[in-house]
Visitor: 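Structure below; questions to follow.
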Protein chains: 2
Amino acid sequence: MVDIKKTRSSCGLSQSLDIFGDKWSLLIMRDLVYFGKETYGDLLKMDEGIATNVLADKLVVLEKEGLITKEIFVGSKSKFKYKLTQKGIDIYPIIMEIIFWGATYCEVYPEQKAIVKMSKENRDAFVQDIMKNKLKELKEKN
Amino acid sequence: MVDIKKTRSSCGLSQSLDIFGDKWSLLIMRDLVYFGKETYGDLLKMDEGIATNVLADKLVVLEKEGLITKEIFVGSKSKFKYKLTQKGIDIYPIIMEIIFWGATYCEVYPEQKAIVKMSKENRDAFVQDIMKNKLKELKEKN
DNA sequence: CTATTTACTTGCAAATTACAAGTAAATGCT
DNA sequence: AGCATTTACTTGTAATTTGCAAGTAAATAG
């Protein structure tokens, strides 16, 4: 059985939304990029309370789409480590842009508002800094 | 009956995704911002083929969330005009960032790839230019 | 005055998400 | 060695969302 990927159109927006256009994927990516989470258990503890089966499903999709990789923890056979690929790291500017919007129009916690204010003043430097760090981690391939 | 909005967390990302984190909302916004569509019928014709009930539902949500307004067409009683608010226009940088990502990682049509390449070279100017135009339209309140 | 356009609503099937519980291998503790 | 716990899930079922086809009702067009 060939698994044909049905794209709704050849617009980059719709194709992207076919991958991460849901209520959970970007939150998972946020926790991986921003909060440095690495395991299923860590992700499960996210503030928003994701269901176990939804997390498991999304991780499979994100891996299949090449945004993350799954590898065995060194020294432990029962633990897996989810890591971002370059493709996954590149999602970060999108997340940041949404957080910027949210800081203006939603009632977010003051801490986030402050971070946003600070980072907006030098948007590119901020975004690129975090991405560079993630990329370095990725290349260190530990 | 008070309609309590249940937010999953006080993070701007999750709250934003509660509003437009689905497969359709941003495509509707794209057509309004980018392709200058204004009516239900125009939106229904989008390339991705949205179902009539889904479009109707999403328009209600987007209006309730203050991203768009609905007004009667001047000179026609059976037509409605959907227009972006400032809050809606501010979604544009998010859409653009996703299109940028899509241009790198999805198989988008060449035309879009070219536009992205051009606009990436001067990202801020490009995004702000479109937003300024939309804002001008909004303020002309015709 | 009939046909078409415009903006939907309705009904029902299919897919996705939510919630609770269970499982199975690995590890930690005594 | 043996039992409890951790880790990473799977399974089942209910609720919600989406997809598709059809219908409707007011307004306009010929």
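In what follows, chains carry the letters A, B, and so on, assigned in the order in which the sequence lines appear, proteins first and then strands, with residues in each chain numbered from 1.
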Visitor: Which nucleotide in the set dG19(D), dT17(C), dT10(D) lies at the smallest distance from any side-chain heavy atom of Ala51(B)?
Guide: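 Output: dG19(D).
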Visitor: From CD1 of Ile72(B) over to C1' of dC8(C), roughly how many Å is that when rounded to an integer?
Guide: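 Roughly 15 Å, once rounded to whole Å.
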Visitor: Consider the side chain of Trp24(A), meaning its heavy atoms from C-beta on, and name the nucleotide among dC9(D), dG19(D), dT17(C) that approaches it most closely.
Guide: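 Closest of the options to the side chain of Trp24(A): dT17(C).
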Visitor: Is it the case that Lys134(B) places NZ or CZ above or below the six-membered ring of Tyr92(B), under 6.0 angstrom from the centre and within 45 degrees of the axis?
Guide: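 No, Lys134(B) and Tyr92(B) do not form such a contact.
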Visitor: Can you run down the ring pair (Phe, Tyr, Trp, His ring centres under 6.0 Å) pairs that involve residues 10-65 of chain A, sequence neighbours left out, and say none if there aren't any?
Guide: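 Qualifying pairs: Phe20(A)-Trp101(B).
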Visitor: Under 4.0 Å between a side-chain N/O of Lys45(A) and OP1 or OP2 of dT7(D), yes or no?
Guide: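 The answer is no; no side-chain N or O of Lys45(A) sits under 4.0 Å from OP1 or OP2.
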Visitor: Rounded off to whole Å, could you give me the CD1-to-P distance for the Ile50(B) and dA7(C) pair?
Guide: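 To the nearest whole Å, that distance equals 14 Å.
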Visitor: Spell out protein contact along nucleotides 23-29 of chain C as letters: B when the base is contacted, S when just the sugar-phosphate is, - when no protein heavy atom is under 4.0 Å; keep the 5' to 3' order.
Guide: ---SS--
Visitor: Would you kindly give the NZ-to-C1' distance between Lys23(A) and dT16(C), to the nearest whole Å?
Guide: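 Spelled out: NZ on Lys23(A) to C1' on dT16(C) is 12 Å.
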Visitor: From the list dG19(D), dT17(C), dT10(D), which nucleotide is the closest neighbour of the side chain of Asp22(A)?
Guide: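 Nearest to the side-chain atoms of Asp22(A), counting from C-beta on, is dT17(C).
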Visitor: Need to verify one output field. Residue with the more 5' nearest nucleotide on DNA chain D, Lys58(B) or Thr52(B)?
Guide: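 Result of the comparison: Lys58(B).
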Visitor: Does a side-chain N-to-carboxylate-O contact under 4.0 Å join Glu38(A) and Lys79(A)?
Guide: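 No salt bridge links Glu38(A) with Lys79(A).
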Visitor: In terms of side-chain heavy atoms of Thr39(A), which of dT9(C), dT17(C), dA8(D) is nearest?
Guide: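 Shortest atom-to-atom distance from the side chain points to dA8(D).
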Visitor: Please classify the nucleic acid contact of Tyr82(B) as base, sugar-phosphate, or nothing, using heavy-atom distances under 4.0 Å.
Guide: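 Sugar-phosphate contact only.
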Visitor: With a 3.5 Å cut-off and just heavy-atom distances, do the side chain of Asn53(B) and the base of dC20(D) make a donor-acceptor pair?
Guide: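 Check passes, donor-acceptor contact within cut-off.
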Visitor: Looking at Leu43(A), Leu26(A), Asp42(A), Ile50(A), which one forms a side chain to side chain contact (heavy atoms under 4.5 Å, CB included) with Asp31(A)?
Guide: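 So, applying the side chain to side chain contact (heavy atoms under 4.5 Å, CB included) to Asp31(A) and each of Leu43(A), Leu26(A), Asp42(A), Ile50(A), only Leu43(A) qualifies.
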Visitor: Less than 4.0 Å between a side-chain N and a carboxylate O, is that true for Asp22(B) and Lys58(B)?
Guide: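 Salt bridge present between Lys58(B) and Asp22(B).
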